[in-house]
Amino acid sequence: MSSSTTKTQRPAKATTVIALCFATIAFDGFDLVVYGTIVPSLLAYEPWSMTPQQTGLIGGYALFGMLIGGLLVGYLTDILGRRRVMIAGVAFFSLLMIACAVAPNAELFGLFRFLAGIGLGGVIPTAIALTIEYSAPGRRNFNNALMFSGYGLGGVAAALAAIVLLQHVGFRGLLAIGGLPLILIVPILWRFLPESPAFLATHGKHAEAAILRERYGLTAPAAAPSSTSGEAKPRSARFSQLLQGRWLLATILFTVAGIAGQTLIYGLNTWLPQLMVLAGYSLTSSLTFLLTVNFGAIAGALISSRLADRFGARLVTALSFVTSAISLTLMGTGIAGGATMYLLLAFVGFGSVGAQILLNGFVGTYYPDVSRASALGITLGLGRLGAIFAITGGGWLIAANVGTFTNFIILALAAVTGLAALLIVPRHRGTSANPTREMKRETERETV
């Protein structure tokens with residue numbers, strides 16, 4: 001662990017952790033959206049002669065890597081700690097983004113995208129888990145959305161970079177920007193990012209965990225009902241808890257909702273520019289539409305997360321899915337144009353990226369501290385199946401020329417599926433497993 005987390009005695013705030021995770025997640029958003037902005041360029045790049053199907057498959061490789069990274073993260077954070085996993089993941093995906101930028105052929109480009117996805121897949125659930133752990137219970141949804149708004153900001157930066165730089169530096173130059181965290185973020189994480197107190201406590205480092213909790217004004221989590229001693233559960237027991245009883249049902253339903261949410265996000269951010277080009281818009285106008293989606297995601301997530309802390313994550317996340325479904329259906333009918341189209345796109349951004357951010361917060365506050373990273377790894381990791389379907393399936397749909405209405409209705413159906421899964425997630429029944437509302441009542445007086 002960095003000496004800054006144990007030796008420095010000056011007061012610390014959760015905003016430090018949130019800011020570090022925000023900066024990291026911003027590059028995940030950049031990586032997602034930048035691929036969508038370069039799809040037309042990849043299709044026009046004669047040396048590689050790529051088809052829409054091949055472009056979709058290569059986009060899916062990164063998501064398959066993220067699936068693997070997400071599933072591994074629970075085990076890795078139990079062994080290495082959340083701090084080390086996050087730093088290693090950022091460094092790894094940064095190096096691979098540089099490799100993508102210099103790939104000599106489409107085959108190696110796809111391989112490097114896959115490997116970069118493994119790093120990203122481990123970083124995202126770790127950042128969410130750290131943000132939630134270092135936040136006061138009554139602000140966890142908001143702080144998570146504030147942190148994850150970096151995802152939307154990264155998307156905005158990718159769209160703006162494409163508008164300004166694509167014609168000058170090409171798709172390789174835009175991909176190279178994704179390697180900047182290696183020099184901009186990793187050194188700062190190494191110096192300032194603290195370890196998870198829950199990880200330290202479960203490995204017998206109670207004194208270090210207590211120091212961190214005191215420095216950051218955190219309260220020790222209540223013991224689980226099954227805990228009869230101060231000894232930590234073995235890793236296998238903590239993981240298996242997610243696959244038993246109502247935890248198993250909740251994990252399955254959260255995963256289904258995650259698949260639906262990521263189908264929306266990746267379907268839109270990867271294929272929206274190309275869909276709009278096919279609909280007769282210029283590439284610049286199509287990139288502006290993508291920009292609008294991500295602005296809507298940022299604003300909507302911050303507003304809705306405040307409501308989630310007040311009224312519960314389930315209700316507000318459900319409303320986000322509903323908003324997305326209605327907006328996509330209206331877009332599919334073709335009746336929207338001009339300012340109305342931009343308004344609908346902003347609502348879609350709120351209802352897709354916003355819903356996924358709220359869903360991540362819901363998962364993070366639903367499970368106990370010791371199993372939070374594993375739960376997020378499973379739901380986000382398997383949720384990548386939706387992203388893979390969206391990217392690869394989108395290529396086939398465009399090649400099949402099924403029409404704008406069908407494309408948008410398929411995305412709307414994904415939102416409806418996410419809504420249905422979310423509504424039947426079992427409610428907590430008076431356990432000490434950190435239900436959001438119980439924690440909020442107990443710690444109403446706490447602030448970040």
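Because the structure is a prediction, the values reported are computed rather than measured.
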Checklist entry - Where do Tyr216 and Thr16 land on the side-chain hydrogen bond (donor to acceptor under 3.5 Å, both in side chains) test, with the steps shown first? => result CA-CA 10 Å; Tyr216 286 87; Thr16 302; 5.4 Å; no
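- Side-chain atoms of Arg172 come within 3.5 Å of backbone atoms of Ala101 as a donor-acceptor pair (strictly under, hydrogens ignored).
- Within the 4.5 Å cutoff, side-chain heavy atoms of Leu189 are placed close to those of Thr24.
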Item to check | side chain to side chain contact (heavy atoms under 4.5 Å, CB included) between Met86 and Leu20, worked out | outcome: CA-CA 11 Å; Met86 186 162 169; Leu20 293 173; 5.7 Å; no
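- Ala198 and Arg213 get closest at one heavy-atom pair: N-NH2, 4.1 Å.
- Side-chain contact between Val169 and Ile177 is absent, with no heavy-atom pair separated by less than 4.5 Å.
- Under the 3.5 Å distance criterion, the side-chain polar atoms of Ser324 are left unmatched by any main-chain donor or acceptor of Ser320.
- What you find for Ser94 and Val90 is that their closest heavy atoms are OG-O, 2.7 Å.
- In this structure a side-chain-to-backbone donor-acceptor pair under 3.5 Å is present from Thr202 to Phe199.
- Without hydrogens or angle criteria, Arg83 side chain to Ser196 main chain gives no donor-acceptor distance under 3.5 Å.
- Using a 4.5 Å heavy-atom cutoff, the side chains of Ser135 and Phe142 are not in contact.
- Ring geometry for Phe362 versus Tyr366: interplanar angle over 60°, hence perpendicular rather than tilted (30 to 60°).
- Ile124 places a side-chain heavy atom less than 4.5 Å from the side chain of Phe148.
- Rounding to the nearest 0.5 angstrom, the gap separating the CZ atom in Phe64 from the CZ atom in Arg113 is 15.5 Å.
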Checklist entry - Between Ile326 and Phe347, is a side chain to side chain contact (heavy atoms under 4.5 Å, CB included) present by the stated rule, with each step listed? => result CA-CA 9 Å; Ile326 293 174; Phe347 279 125; over 6 Å; no
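- Here the OH-CZ distance, from Tyr61 to Phe112, works out to 14.0 Å after rounding to the nearest 0.5 Å.
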Next on the checklist: Ile68 vs Phe114, test: side chain to side chain contact (heavy atoms under 4.5 Å, CB included). Steps then yes/no.
Outcome noted: CA-CA 10 Å; Ile68 294 174; Phe114 165 73; 3.8 Å; yes
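- Here the shortest heavy-atom pairing between Ile98 and Gly179 reads CG1-CA, 3.8 Å.
- Interatomic distance, Met331 CE to Leu328 CG, rounded to the nearest 0.5 Å: 6.5 Å.
- Of the possible donor and acceptor atoms, none in the side chain of Asn144 sits under 3.5 Å from a partner among the backbone N and O of Thr131.
- Taking CG of Leu248 as the start and CG of Leu253 as the end, the distance is 9.5 Å to the nearest 0.5 Å.
- Salt bridge Arg82/Glu133: present, at least one basic N to carboxylate O contact under 4.0 Å.
- Looking at Phe408 and Val348, their side chains never come closer than 4.5 Å, going by heavy atoms from C-beta outward.
- Within 6.0 Å of CZ on Phe254 lie more than 12 heavy atoms contributed by other residues, nucleotides or ligands.
- Minimum interatomic distance between Tyr35 and Leu42 (heavy atoms only, all atoms of both residues): CE1-CD1, 3.9 Å.
- Rounding to the nearest 0.5 Å gives a distance of 7.0 Å between CH2 of Trp190 and CZ of Arg84.
- Remark: side-chain polar atoms of Asn360 are paired, donor with acceptor, to backbone N or O of Gln356 under 3.5 angstrom.
- Residues Leu80 and Glu195 approach most closely at O-OE2, 4.2 Å, considering heavy atoms.
- Within 6.0 Å of CZ in Phe389 there are 12 or fewer heavy atoms belonging to other residues, nucleotides or ligands.
- Between atom CG of residue Leu115 and atom SG of residue Cys100 there is a gap of 8.5 Å, rounded to the nearest 0.5 Å.
- In terms of heavy-atom proximity, Ser352 sits nearest to Leu264 at CB-CB, 3.8 Å.
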Item to check | Working for side chain to side chain contact (heavy atoms under 4.5 Å, CB included), residues Tyr367 and Val363 | outcome: CA-CA 7 Å; Tyr367 292 90; Val363 173; 3.8 Å; yes
